[in-house]
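What follows is one structure encoded as structure tokens, with my remarks underneath.
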Amino acid sequence: MPELPEVEVVRRGLQNHVEGRVIARVEVFHPRSVRRHLPGAADFAGRLVGRELVAARRRGKYLWVELGSGEAVLAHLGMSGQMLVQPPGTPDEKHLRVRMVFADDGPELRFVDQRTFGGLSVEEVVEVDGVPLPVPVAHIARDPMDPAFDPAAAVAALRRKRTEVKRALLDQTLVSGIGNIYADEALWRARLHWARPTDRLSAAKAGELLSAATDVMRAALDAGGTSFDALYVNVNGQSGYFDRSLAAYGQEGLPCPRCGRPIVREPFMNRSSFSCPRCQRHP
DNA sequence: CAACCGCCCTGGGTGC
DNA sequence: TGCACCCAGGGCGGTT
């Protein structure tokens with residue numbers, strides 16, 4: 001649920017609050033939150049103690065902090081993951097999963113995750129096209145905020161798929177960072193129905209769709225991200241306010257901001273797609 | 001090989 | 001008041 005803008009808000013918070021600090025102690029309260037760290041929770045903690053958090057990075061919805069020596073601590077927020085910077089002694093959050101305490105006795109870093117779809121792991125960093133990436137991120141495409149993002153290549157990748165356009169937009173190996181919210185917003189902006197087959201999508205229209213996705217995610221980032229229920233927050237626990245600017249996602253029954261027709265919700269991959277029945281004609 | 005389906009998980013909300 | 005049920009959904013492993 002946190003998509004590119006929300007994850008970037010968190011990355012900036014980590015950059016400002018934990019970069020350059022040395023970990024003194026790590027507590028894992030729920031094994032599921034480190035399930036992707038195959039050697040287990042004790043190994044996870046042991047690998048982090050004494051290490052300096054060097055630089056906070058992001059690709060798509062993946063977030064990591066370089067540790068030096070070719071390793072990084074990798075985070076995926078899943079649906080409900082939060083990274084909170086809290087003064088020592090602050091009461092534990094109900095869904096606190098991992099705590100990192102620093103050698104400087106300053107604020108702790110806490111991983112809080114109600115639904116435990118997210119998680120942390122220590123990963124080896126490998127070079128992919130000249131960019132250092134944790135191994136599980138190696139197959140993830142560049143996102144539209146990446147300075148080296150190639151829009152023409154992304155358009156070609158989208159159009160090579162033989163599927164519905166929204167499925168392609170959500171495929172993180174084609175373009176990363178887009179989830180259900182910004183997919184629906186981008187499709188609304190580009191006046192495309194989610195079920196349009198990619199082989200019936202002109203290069204120009206695909207380019208328009210990607211531009212729309214980029215624009216809406218940048219606007220959301222400027223607003224501090226999208227929040228519905230205080231599940232996505234920055235490292236200080238504050239919500240963004242982009243939800244006020246959503247045109248389609250979650251707006252069932254409300255007027256389309258462009259034409260006034262009520263937004264409809266349709267089942268899509270065991271979830272929902274929101275669209276305007278007039279602006280986004282079903283193929 | 002590409003496309004697609006089902007599963008993982010929790011708690012807030014809703015309807016009876 | 002309480003209980004059963006629904007819903008949110010990214011990523012991955014298994015199947016077609």
Side-chain angles (χ1 to χ4, degrees), chain A residues 1-8 10-11 28-38 58-64 74-83 92-98 111-121 123 133-141 143 156-187 194-201 213 217 220 225-233 239 243 246 248-253 263-274:
Chain A
M1 227 143 134
E3 304 179 27
L4 189 156
E6 294 75 36
V7 179
E8 175 60 16
V10 173
R11 190 201 66 79
V28 177
F29 300 104
H30 198 307
R32 190 172 148 79
S33 295
V34 294
R35 68 191 178 284
R36 303 218 183 279
H37 188 89
L38 299 180
R58 183 191 55 73
R59 172 171 284 195
K61 304 170 199 170
Y62 280 92
L63 177 66
W64 66 94
L74 177 66
H76 197 290
L77 301 179
M79 282 184 67
S80 54
Q82 306 175 346
M83 290 286 198
D92 288 356
E93 293 74 12
K94 184 174 179 186
H95 303 293
L96 176 62
R97 308 304 190 193
V98 178
F111 180 66
V112 174
D113 189 10
Q114 177 199 104
R115 295 172 201 171
T116 67
F117 271 53
L120 307 180
S121 57
E123 302 288 349
L133 300 173
V135 168
V137 186
H139 69 290
I140 300 295
D143 62 63
L158 278 179
R159 295 181 72 227
R160 257 197 309 272
K161 297 295 280 189
R162 286 295 165 261
T163 188
E164 295 163 345
V165 62
K166 186 172 171 182
R167 285 177 181 269
L169 206 50
L170 293 174
D171 185 336
Q172 305 296 301
T173 67
L174 306 179
V175 180
S176 68
I178 303 169
N180 205 32
I181 298 170
Y182 298 113
D184 278 2
E185 292 302 301
L187 290 163
W194 54 267
R196 169 81 69 93
T198 47
D199 58 6
R200 288 195 36 235
L201 197 61
M217 290 197 292
T226 299
S227 300
F228 304 102
D229 48 13
L231 268 189
Y232 348 128
V233 295
S239 296
D243 57 316
L246 295 174
Y249 184 84
Q251 309 300 304
E252 184 180 17
I263 297 290
V264 299
R265 179 169 72 94
E266 295 169 288
F268 169 79
M269 293 174 75
N270 290 325
R271 30 192 80 99
S272 296
S273 269
F274 298 89

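Computed over heavy atoms, backbone and side chain alike; hydrogens, waters and symmetry mates excluded. By convention in this document, chain letters (A, B, ...) are assigned in the order of the sequence lines, proteins followed by strands, and residues within each chain are numbered from 1.
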- Query: Taking the side chain of His139(A) as its heavy atoms from C-beta onward, which of dG11(C), dA8(C), dC12(C) lies nearest to it?
  - Reply: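 Nearest nucleotide to the side chain: dC12(C).
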- Query: Counting side-chain heavy atoms from C-beta on, which of dG10(C), dA8(C), dG11(C) comes nearest to Phe117(A)?
  - Reply: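 Closest nucleotide to the Phe117(A) side chain: dG10(C).
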- Query: With a 4.0 Å cut-off on heavy atoms, is Phe268(A) in touch with a base, just the backbone sugar-phosphate, or nothing at all?
  - Reply: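 If one applies the 4.0 Å heavy-atom cut-off, Phe268(A) turns out to touch nothing in the nucleic acid.
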- Select base, sugar-phosphate, or nothing to describe what Arg35(A) touches, counting heavy atoms under 4.0 Å on all strands.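 Result for Arg35(A) = nothing.
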- Any Met83(A) side-chain heavy atom under 4.5 Å of Val112(A) side chain: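 No. Closest side-chain heavy atoms not under 4.5 Å.
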- Task: Check whether any side-chain heavy atom of Leu63(A) sits under 4.5 Å from a side-chain heavy atom of Val10(A), and report yes or no.
- Result: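 Counting from C-beta outward, Leu63(A) and Val10(A) do come under 4.5 Å.
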- dG11(C) phosphate, OP1 or OP2, under 4.0 Å from His76(A) side-chain N/O: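 For dG11(C), OP1/OP2 do have a side-chain N/O of His76(A) under 4.0 Å.
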- Item | side-chain N/O Ser272(A) vs dA8(C) OP1/OP2, d < 4.0 Å |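 Indeed, a polar side-chain atom of Ser272(A) lies that close.
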- Which pair of heavy atoms, one from Gly179(A) and one from Lys61(A), lies closest together, and at what distance?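 Answer, listing the atom of Gly179(A) first, then Lys61(A): CA-NZ, 3.6 Å.
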Whole-Å distance between [N] [atom2] and [X] [atom1]?
| X | N | atom1 | atom2 | answer |
| --- | --- | --- | --- | --- |
| Leu63(A) | dG11(C) | CG | P | 13 Å |
| Gln114(A) | dG9(C) | CD | C1' | 13 Å |
| Glu3(A) | dG11(C) | CD | C1' | 14 Å |
| Met79(A) | dA8(C) | CE | C1' | 4 Å |
| Arg36(A) | dG10(C) | CZ | P | 14 Å |
| Met269(A) | dG10(C) | CE | C1' | 10 Å |
| Leu4(A) | dG10(C) | CG | P | 13 Å |
| Arg115(A) | dG9(C) | CZ | C1' | 8 Å |

- Which nucleotide of DNA chain B is the first, and which the last, in the 5' to 3' direction, to come under 4.0 Å of a heavy atom belonging to chain A?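 Taking any atom under 4.0 Å from a heavy atom of chain A, the span is dA3(B) to dG11(B).
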- More 5' along DNA chain B: Arg167(A) or Arg97(A), using each one's nearest nucleotide?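 The residue whose closest nucleotide sits nearer the 5' end is Arg167(A).
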- Does Asn270(A) or Lys94(A) map to a spot on DNA chain B nearer the 5' end, using the closest nucleotide for each?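 Taking each residue's closest nucleotide, the earlier one in sequence belongs to Asn270(A).
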- Query: Salt bridge between Asp184(A) and Lys166(A), side-chain N to carboxylate O under 4.0 Å?
  - Reply: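 Looking at Lys166(A) together with Asp184(A), the answer is yes, because their closest N to O distance falls below 4.0 Å.
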- Task: For the pair Asp171(A) and Lys161(A), find out whether any cationic side-chain nitrogen is under 4.0 Å from an anionic carboxylate oxygen.
- Result: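 A salt bridge is present here (some side-chain N lies under 4.0 Å from a carboxylate O).
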- N/O donor-acceptor pair, side chain Arg271(A) with base dG10(C), under 3.5 angstrom: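 Looking at the base of dG10(C), it does pair with a donor or acceptor on the side chain of Arg271(A) (distance under 3.5 Å).
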- Message: As a quick check of understanding, evaluate side-chain hydrogen bond (donor to acceptor under 3.5 Å, both in side chains) for Thr198(A) and Arg159(A), giving each step before the final call.
- Response: CA-CA 5 Å; Thr198(A) 47; Arg159(A) 295 181 72 227; over 6 Å; no
- Item | Modelled atom types, side-chain donor and acceptor of Arg32(A) and Thr116(A), under 3.5 Å |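 Present: a donor and an acceptor within the cut-off.
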